[in-house]
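Report on the following structure.
In listed order, ligands and their atoms are each counted from 1.
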Amino acid sequence: MDVLVERDVFVVARAAANLVQAYLGAAPAPTLGLATGGSVEELYRELVLRCRQGRLDFAGTRAFLLDEYVGLGRRHPQRYSNVIVSRLAKHVGLGPHRIHAPDGDAGDLAEECSRYEDLVCRAGVGLQILGIGRNGHLAFNEPGSALESRTRVVELTEVTRADNARFFPSPEDVPRRAITQGLATIRQAARLLVLVTGSSKARAVRAALEGPVTSDVPASVLQLHPRATVLLDPPAARLTRFGRRSRLLGGS
Ligand code: GLP
């Protein structure tokens with residue numbers, strides 16, 4: 001696992017964008033795994049900017065979302081497939097037929113999970129973008145998720161619902177369930193790119209990077225991946241040896 005501590009969220013986003021740009025430039029048929037949430041907002045802004053400047057091209061790229069709320073309704077602005085369109089896809093020429101997501105409004109959710117699992121496995125994600133939750137979750141794999149889990153319906157914890165309440169008019173509007181790629185599904189991606197910023201993530205980062213690999217901390221599975229790059233800002237890194245090293249070298 002490569003762990004890099006960058007100066008701030010903007011440098012984290014630019015470093016991540018460099019890796020995405022290199023991947024899209026090199027892969028003949030890129031398959032990009034996309035996360036949603038605050039951690040990736042600056043990255044997506046940077047990718048849109050580079051696209052407008054002609055430095056980056058999503059031609060031929062297919063995108064696969066990590067997760068989706070259950071039951072929000074297909075037109076809801078916080079539905080992750082809609083968030084991805086408004087934050088990234090529509091600005092970079094990534095048409096709807098090239099964006100894939102689990103359908104949280106499908107009639108048969110179990111069938112939908114197995115359809116999506118098959119689709120992701122057949123496509124083979126080349127570069128998976130990820131964030132980490134404050135409780136150590138990865139996508140919507142909450143603590144207790146099996147390390148070998150696959151795409152399935154999960155109950156969201158109150159911590160996650162409270163964290164995501166900022167995106168909804170009121171906390172009760174946050175769905176109680178979601179569909180998420182499993183921890184084994186995510187690990188199948190050829191390369192993982194993880195962005196974590198902010199002091200509130202420091203304990204989760206320490207547990208994920210330096211603690212045991214355990215389903216109590218789903219993000220600890222990152223340690224099992226042969227090609228994972230983790231980009232942190234100093235507040236997120238502060239409880240790890242990487243944070244201490246960056247302070248010694250003159251970082252914050
Ligand atoms: C969210 C998403 C994840 C995201 C994580 C961190 O709920 N389901 O894909 O990576 O939790 O969220 P944020 O980046 O908003 O802190």
Side-chain angles (χ1 to χ4, degrees), residues 8-10 12-13 16 20 32-46 63-72 76-84 86-88 99-102 104 113 116 120 125 127-145 149 151-168 171 173-183 185-187 189 192-205 207-209 217-222 225 228-233 235-237:
D8 57 36
V9 292
F10 303 103
V12 165
V20 173
L32 194 57
L34 297 175
T36 34
S39 314
V40 291
E41 276 178 13
E42 201 52 48
L43 166 63
Y44 293 164
R45 256 194 290 275
E46 180 68 21
F64 294 84
L65 269 63
L66 274 177
D67 46 16
E68 183 61 273
Y69 290 116
V70 165
L72 261 191
H76 196 289
Q78 287 306 321
R79 195 178 209 251
Y80 282 165
S81 52
N82 295 335
V83 171
I84 282 294
S86 66
R87 294 286 158 89
L88 179 71
I99 304 172
H100 303 277
C113 291
Y116 195 64
V120 171
V125 171
L127 178 66
Q128 176 65 59
I129 297 165
L130 291 159
I132 293 180
R134 200 158 51 96
N135 63 356
H137 75 221
L138 200 60
F140 272 136
N141 292 281
E142 298 281 32
S145 295
S149 52
T151 302
R152 67 204 186 287
V153 175
V154 292
E155 300 281 330
L156 299 181
T157 61
E158 286 312 309
V159 174
T160 296
R161 293 187 66 236
D163 283 349
N164 288 1
R166 68 192 194 279
F167 298 115
F168 290 85
D173 296 328
V174 183
R176 295 183 182 278
R177 293 190 301 159
I179 295 178
T180 185
Q181 286 188 32
L183 295 174
T185 322
I186 294 168
R187 280 209 312 283
L192 306 181
L193 173 57
V194 191
L195 290 79
V196 198
T197 55
S199 191
S200 66
K201 303 283 179 73
R203 287 165 68 89
V205 167
L209 304 190
V217 184
S220 63
V221 298
L222 297 171
H225 199 280
T229 301
V230 183
L231 298 172
L232 305 171
D233 69 352

Interfacing atoms of ligand 1 (cut-off 4.0 Å, heavy-atom, Asn164)
7 (O)
Hey, does Leu130 sit under 4.0 Å from ligand 1 if you only count heavy atoms?
no
Considering distance alone, does some N or O of Thr160 sit under 3.5 Å from an N or O of ligand 1?
no
Distance-only polar pair, side chains of Gln181 and Asp67, donor-acceptor under 3.5 Å
no
Checking heavy-atom distances from atom 14 (O) of ligand 1 to each of Ala35, Ala139, Gly37, Ser39, the winner is Ser39
At their closest point, which heavy atom of Val70 faces which heavy atom of Pro175, and how far apart are they?
O-CB, 3.8 Å
Heavy atom of the protein closest to atom 8 (N) of ligand 1 (residue, atom name, distance):
Asp67 OD2, 2.8 Å
Is the number of heavy atoms from other residues, nucleotides or ligands under 6.0 Å of Arg161 CZ greater than 12?
yes
For atom 4 (C) of ligand 1, tell me which residue out of Thr180, Leu138, Thr36 has the closest non-hydrogen atom.
Thr36
Classify the contact between Tyr80 and ligand 1 as side chain, backbone, both or neither, using a heavy-atom distance cut-off of under 4.0 Å.
side chain
Any luck finding a side-chain donor-acceptor pair between Arg152 and Asn141 under 3.5 Å?
yes
Should the pair Tyr116 and Phe64 be assigned to parallel (<30°), tilted (30 to 60°) or perpendicular (>60°) ring geometry?
tilted
Answer yes or no: does an N/O atom from Gly133 fall short of 3.5 Å to an N/O atom of ligand 1?
no
Decide whether the shortest distance between a heavy atom of Glu142 and an atom of ligand 1 is less than 4.0 Å.
no
Is it true that Arg177 and Glu68 make a salt bridge, defined as a side-chain N closer than 4.0 Å to a carboxylate O?
no
Give the contacting part of Glu68 toward ligand 1: side chain, backbone, both or neither, where contact means a heavy-atom distance below 4.0 Å.
neither
If you count the atoms of ligand 1 from 1 in the order shown, which ones are under 4.0 Å from a heavy atom of Ile132?
6 (C)
Between Arg176 and Glu155, does any side-chain N to carboxylate O distance fall below 4.0 Å?
no
Which heavy atom in Ile186 sits nearest to a heavy atom in Leu192, and how many Å separate them?
O-CD2, 3.7 Å
About how many Å separate CZ of Arg45 and CD of Glu42, when rounded to the nearest 0.5 Å?
4.0 Å
Which of the atoms of ligand 1 are close to Gly131, meaning less than 4.0 Å from one of its heavy atoms?
10 (O)
Taking 4.0 angstrom as the limit and counting only heavy atoms of Gly38, give me the atoms of ligand 1 inside it, by number and element.
13 (P), 14 (O), 15 (O)
For ligand 1, is any non-hydrogen atom under 4.0 Å from His137's backbone (N, CA, C, O), its side chain (CB onward), both, or neither?
side chain
For Lys201, the ligand 1 atoms whose distance to one of its heavy atoms is below 4.0 Å
13 (P), 16 (O)
Ring centroids only, cut at 6.0 angstrom: are Tyr69 and Phe167 within range, meaning strictly under it?
no
